[in-house]
Amino acid sequence: MSDRLIIFDTTLRDGEQVPGCQLSTIEKVQVARALEELGVDVIEAGFPVSSPGDFHSVECIAQAVRKPIVCALARAINSDIDLAAQALKGAERGRIHTGLGTSDQHIRYKFKSTREQIIEQAVSATRYARNLIDDVEFYCEDAGRADNDFLVRIVEAVIKAGATVVNIPDTTGVCTPDIFSEKIKYIKEHAEGIDNVTLSVHCHNDLGLATANTLAAVQAGARQVQVAMNGIGERAGNAALEEIVMIARSHPELNLSTGIDTTRLFHTSRLVSSLMNMPVQANKAIIGRNAFSHSSGIHQDGIIKNRRNYEILNPKDVGMLDSSMILTARSGRAALQQRCQLLGVELEGKQLNVLYDRFLQLADSKTDISDQDILSLTENFSERKERATLDYLNVTSGKGVENSATIRMTIDGVQYESQSSGNGPVDAAIKSIKKITGNRMTIREFLIQAMDHGSDDTGKVHMQVEFDGVLYYGFAADTDIVNASVQAFINAVNKFPCEKLVQL
Ligand code: KIV
Ligand code: ZN
């Protein structure tokens, strides 16, 4: 009998707190449903005290998913815990995840407190939470840098106070696998009551060791792993869900099983990536675009002779397709629909027609349409009316010519035209837009990413635009990167909460 490894997903909490990854409540529920279908055991849905929006999202997720435990984060403060319990009211099975810093660094310089006071606060918060809900997980923040004997004391104290799960985070990602493994072993061997609760770990990737440390902790006896899809999370991110799950599956000698339907990994990864505007690096283990592509002659020859010469995983096991069926301008709706089904994209009502129109436009300018292209065409899939739309864009650029742009835009039903020059075609076009909307916004981040290869590729543009001290995120994809850049800017402008977009 293999041991069950509990998959605690924190994509919607640690992942979502990354700048640029913020989701609307509807999008969070969409991700939570995808995580439920993927088979995660626990969904950390958010941090209710952080904002009314987060509180509402946790409430909605608690009602939307039935199978996984829905967890809400709370500092070890009664008012945080009250809100977390309230947000979880509709959950089939709810859990409060509370805790505080346990390293001397945090105790002295964050809380200006003492070890004794920290234990008191931990015990009081755990008791308080247990009076509101049956399932309470306690996190020892910065355990990676905490003294092991102190960890044993606080772990024993919160277990006595009613904690059902104890979480040991390497918050700063400083540990090496040996150090982290020793820490987990030490707690397992010395903390009274530890065998009656679930021992969890939460590893950050600051030194690129999040997955290795998580694995080392599991080998030392931890049975819950806190992970995030695509490894997203604070700073360099958290341990990647897909990596831990596929390690467990590829190594029978570990004797571990999970409840994850691995064939849904690719779809879930791309859903999270597109909703959060967070590209997946091409060489990302398990679900990156290149994870199963072989380019050198020697490797290709080896693969043709026997796939296992260079592949330890079957792409189908993680939900990647053998892209043998190429979609082109001659493909019909049925082929497109079938590809969408394989990619896990559900099309409703008129969406197939809308998608097919978008697909034909792209196929006119690009010979082969990849799965990435299809997923990008379904991004922002709604017939929502935008306040500002681009009707016409003409740019002049090149060596020895002045870069200029002419645009026509409709804003709140009225069409405007303007022209500008700039240091490049994108700069000229953005300046033309600013002539209409006023120079009230600043681009803070501008990222262009090609999806596949070749000069006919689609470019994805991610932009952060600051307006009134707040950052708004714009996204667009097109084979014309100037058009994609302008559309991404307009996508961000459409999110400004101002009454008057036009300032002429
Ligand atoms: O990194 C960390 O310590 C956390 C805790 C809230 C678990 O995210
Ligand atoms: Zn974290």
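Start at 1 and go down the list; that is how both ligands and their atoms are numbered. In this text, all values refer to a predicted model and were calculated from it rather than measured experimentally.
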With distance as the sole test, does [X] use its side chain to make a donor-acceptor pair with the main-chain N or O of [Y] at under 3.5 Å?
{"X": "Thr164", "Y": "Val136", "answer": "yes"}
{"X": "Asp261", "Y": "Thr263", "answer": "yes"}
{"X": "Ser103", "Y": "Ala143", "answer": "no"}

Output the list of atoms in ligand 1 that are nearer than 4.0 Å to some heavy atom of [X], sorted by atom number.
{"X": "Asp14", "value": "8 (O)"}
{"X": "Pro169", "value": "3 (O)"}
{"X": "Glu141", "value": "3 (O)"}
{"X": "His204", "value": "1 (O)"}

**OP:** Anything under 30° is parallel, anything over 60° is perpendicular, the rest tilted; go ahead and classify His106 against Phe111.
**Re:** perpendicular

Original post:
For the Zn ion (ligand 2), which protein N/O/S atoms are closer than 2.8 Å?
Top reply: Asp14 OD2, His202 NE2, His204 NE2

Original post:
Taking only residues two or more places apart in sequence, or in another chain, which ones meet Ala163 in a side-chain contact (heavy atoms from CB on, under 4.5 Å)?
Top reply: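 Listed in chain order: Thr126, Phe138, Val158.
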
Original post:
With Ala217, which residues qualify under side-chain contact (heavy atoms from CB on, under 4.5 Å), at least two apart?
Top reply: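 Only Phe180, Ile184, Val201, Ala222 meet the side-chain contact (heavy atoms from CB on, under 4.5 Å) criterion with Ala217.
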
Original post:
Considering distance alone, does some N or O of His97 sit under 3.5 Å from an N or O of ligand 1?
Top reply: no

Original post:
Hey, is ligand 1 close enough to Gln226 that some N/O pair sits below 3.5 Å?
Top reply: no

What's the shortest distance from [atom] to any protein heavy atom, and which residue and atom give it?
{"atom": "atom 6 (C) of ligand 1", "answer": "Arg13 NH2, 3.5 Å"}
{"atom": "atom 3 (O) of ligand 1", "answer": "Thr171 OG1, 2.6 Å"}
{"atom": "atom 4 (C) of ligand 1", "answer": "His202 NE2, 3.4 Å"}

Subject >> Residue pair Arg93, Asp135: steps toward the salt bridge (Lys or Arg N to Asp or Glu O under 4.0 Å) verdict >> reply: CA-CA 8 Å; Arg93 288 185 298 155; Asp135 193 2; over 6 Å; no

Subject >> Name of the residue among Asp170, Thr171, Asp14, Asn167 meeting side-chain hydrogen bond (donor to acceptor under 3.5 Å, both in side chains) with His202 >> reply: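 With His202 as partner, side-chain hydrogen bond (donor to acceptor under 3.5 Å, both in side chains) holds for just one option, Asp14.
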
Determine all donor-acceptor pairs shorter than 3.5 Å in which one atom belongs to a side chain in residues 117-124; sequence neighbours excluded.
from, atom 1, to, atom 2, distance (Å)
Gln117, OE1, Ser113, OG, 2.8
Gln117, OE1, Thr114, N, 3.4
Gln121, NE2, Ala76, O, 3.0

Subject >> Closest contact, heavy atoms only, Glu156 versus His190 >> reply: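 So the two residues come closest at OE2-O, 3.2 Å.
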
